[in-house]
Amino acid sequence: MRLEMFDPAPIGVVFTQGPEHRLAYTNAVYRETFGDRPLGRTIREAFPDLAQSGYFDIFDRVLTTGAAEVVTAVPLDLIYPGSTGEGRRYFTFSISRATMSDGRPGVLGVIVEVTAQVTAAERIRVLAEERRRALQRYRSLVNAGTQMVWVADAKGRITEPSPGWERVTGQTWEEFRGEGWRNAVHPDDRSASVEEWRRATTEQVPRWIHTYRLRLAAGGYRHFVVDAAPVRDGDTVIEWVGTCTDIEREWQESRRTELLARAATATSGIARLMLAALADVIVPDIADNCTIHLLPQALHRLPGTPLTTERVAAVTRPGLPDLPPHHEEHLRPGSPLARAADRRSPLHFVFPPGEPPADLAPLDGEPWMAEDVNSVVLLPVVVDGTTAALVAVSTSGARPPLGQAEIGLLQTLLERAHTPLSNALEYQRTRQVALALQNSLLTDPPDAPGLDIAVRYRPSTAAAEVGGDWYDAFVLRDGATVLTIGDVSGHDLPAAVTMSQLRNMLRGLTLDRQEPTGTILRRLDIAVQTLYTECTATCVLARVERPDPGGVRLHYSVAGHPPPLLVEADGSARFLTGARSPMLGLVPAPEYSSAMDPLPPGSTLLLYTDGLVERRDEDLTVGLERLRHHASEAVSRPLQDFCDTLLTGQLTVDNDDDVAMLVLRR
């Protein structure tokens, strides 16, 4: 967007840049109305006479949420040097998020004076006219990232054509208008979408976000997310404005991740359920008692070391006392259960009723056999050469002791559990390999003069989640310190492998030559799209330099990753949004920008992955604001305590994504 196009406009136009809303442009009408306010200052500094108007809060909300806002006939008392002193005047504001042609984000404000048309009917007419102008600009601004912008009346009926809608769905204006949009929604999603939209318009919710599948003009369906907000005149909703964005790729990735997690959980659960069901078969037809123990350390336990088992089933025939509940048992090295696990062959004991060998008791001393037991068989369940479970069966009292015939039958029954146990064990082995690979790359930070660096990594609590998160930090030959953090899409062993390759590739490209960070990321993206055609990843690359003895500055680039957070010594915190670019592997011919910010004495720079701020049940902006608040409150703590405080404040008990943090303090 080129701002010069607004120079001849008969309405006031202002453009502010960045989260501080620094004045970057005002046209002649705007300066005539509000005075010649100096460019480069924040709007709060440039307009002290509007401090009580609420004008600035609108700019904050629009930049944060991306949702345009219209304020109608707001009264303002303008007092500034050179003003005519006309007293209270009325204005209509249309505020929307915009992006300059060079990629700089900001807020575009359009202002119309309506002092002479302050009656209710005239205010509505002016609002409608200004809203159409704002909507037309908004359509242009969001065209690159959002396919469709639409307008509906207060009851939710479409009132204006949407070229984007016709292009995507093939519906003409006559087919789309009113409630015709319903016919483009997938039949399975239609009823819920109509009901949710009806409820939103009836209850006049401040924002409505909904996902459904739309029929495409070329055939088939794709997932879209609708984001709508009401336009109000005072307390009255007069219409709705919304966008409809294609999220098929994000939906597919989310679905894939969820299904993998569910499949892994189910695979693990199948083994437990099958073993528990087998215990019900064994008792009472073969034995009086059966306990089954899983060995969670099966993959990495060495013979002769202490053995920890998890009891998953304990069945006793009717008439005998139940065994006490017990979930974990610790066995002595050389005890019968440990020998059965190490030798991977059954152990058979026959003895007088009530007189079992002393070493059959667990180390914890809790009973696990009936008082008058006369025989015990310990059977290891061996999967791919590894003891994955132990089954202990016994007979009691006057019942004949277990013999070779019973042992053979028990072994045949346990073979039924081989496949699900094999699957569960293979999953566990794969996850351990991925975690080992990931942990091998999460190295300790380097020593950098004048800088403290701390790192943190927390794996997901979900069993199926092995993420592609990484961080790296090293010092170049010229003394500059390089910081990188990133996240490869996927949560499996291939993602961990790709993560290691991208991390090492980025390290090599950074060491290769002294280039802007954006240029280095462009070279990395070329490599990704050449060597890993199905891969996407996010990344931050930063270089900390000392251009003079007293100064430290940060050069950085952001490829689709959450923005770095800079917290100054006084607790003021802001996100660094000056070098945003697409994620790696997404755009055929991307351009990556670079930005520079000074690092004041005592400031703290936080790089992090999305697991620190994202939660399934809330908008990302909520998590970012929570992080900013926690970091601002904790910045006075020592760096290691600062990191731990952020993790405690940000993460939930059941966080379903890995978290990596790289923190630098000057």
Task: Test item: Leu662 and Ile453 side chains (from C-beta on) under 4.5 Å apart, heavy atoms - done: yes
Task: Side chain proximity check, Leu390 to Leu379, heavy atoms < 4.5 angstrom - done: no
Task: Distance-only side-chain donor-acceptor flag, Thr609 / Asp487, under 3.5 Å - done: no
Open item on the list: A side-chain contact here means heavy atoms from C-beta on lying under 4.5 Å apart; do Leu483 and Leu605 qualify?
Closed with: yes
Open item on the list: Can a side-chain donor-acceptor contact be found between Asp472 and Thr484 if the only test is distance below 3.5 angstrom?
Closed with: no
Open item on the list: Can you see whether Asp525 engages Tyr592 through a side-chain donor-acceptor pair at a distance of less than 3.5 angstrom?
Closed with: yes
TODO: Could you walk me through whether Cys539 and Leu584 pass side-chain contact (heavy atoms from CB on, under 4.5 Å), step by step?
DONE: CA-CA 8 Å; Cys539 177; Leu584 303 171; 4.2 Å; yes
- [ ] Give the C-alpha distance, both sets of side-chain angles, the deciding distance and a yes or no for side chain to side chain donor-acceptor pair (under 3.5 Å) between Thr395 and Asp288.
- [x] CA-CA 5 Å; Thr395 53; Asp288 295 323; 5.2 Å; no
TODO: State, without any angle test, whether Thr316 and Asn289 hold a side-chain donor-acceptor pair at a distance under 3.5 Å.
DONE: yes
Task: Test item: His561 side-chain N/O and Tyr608 main-chain N/O as donor-acceptor pair under 3.5 Å - done: yes
- [ ] Find the distance between CG (Leu664) and OG1 (Thr604) and round it off to the nearest 0.5 Å.
- [x] 8.0 Å
Open item on the list: With rounding to the nearest 0.5 angstrom, report the CD to SG distance, Gln529 to Cys535.
Closed with: 10.0 Å
Task: Separation of Leu565 CG from Phe575 CZ (nearest 0.5 Å) - done: 5.0 Å
Task: Check: Asp189 side chain, Tyr212 main-chain N or O, donor-acceptor pair, under 3.5 Å - done: no
Open item on the list: For a 4.5 angstrom cut-off between non-hydrogen side-chain atoms, does Val659 reach Leu647?
Closed with: yes
Open item on the list: What's the separation between atom SG in Cys290 and atom CZ in Arg317, rounded to the nearest 0.5 Å?
Closed with: 14.5 Å
Open item on the list: Using side-chain heavy atoms (C-beta onward) and a distance below 4.5 Å, is Thr645 in contact with His630?
Closed with: no
Task: Leu606 CG to Leu627 CG distance, which is reported to the nearest 0.5 Å - done: 5.5 Å
Open item on the list: Check whether Ser375 reaches the backbone of Leu402 with its side chain - one donor and one acceptor, N or O, closer than 3.5 Å.
Closed with: yes
TODO: Would you give the length of the straight line joining atom OG1 of Thr387 to atom CZ of Arg343, rounded to the nearest 0.5 angstrom?
DONE: 12.0 Å
Task: Pairs meeting criterion side-chain hydrogen bond (donor to acceptor under 3.5 Å, both in side chains) with involvement of residues 619-628, two or more places apart - done: Glu618-Arg626, Asp619-Thr621, Glu625-Arg628
- [ ] Decide yes or no for Arg665 and Phe642: does some side-chain heavy atom of the first lie under 4.5 Å from some side-chain heavy atom of the second?
- [x] yes
TODO: Would you tell me whether Glu248 and Tyr221 have side-chain atoms, one donor and one acceptor, within less than 3.5 Å of each other?
DONE: no
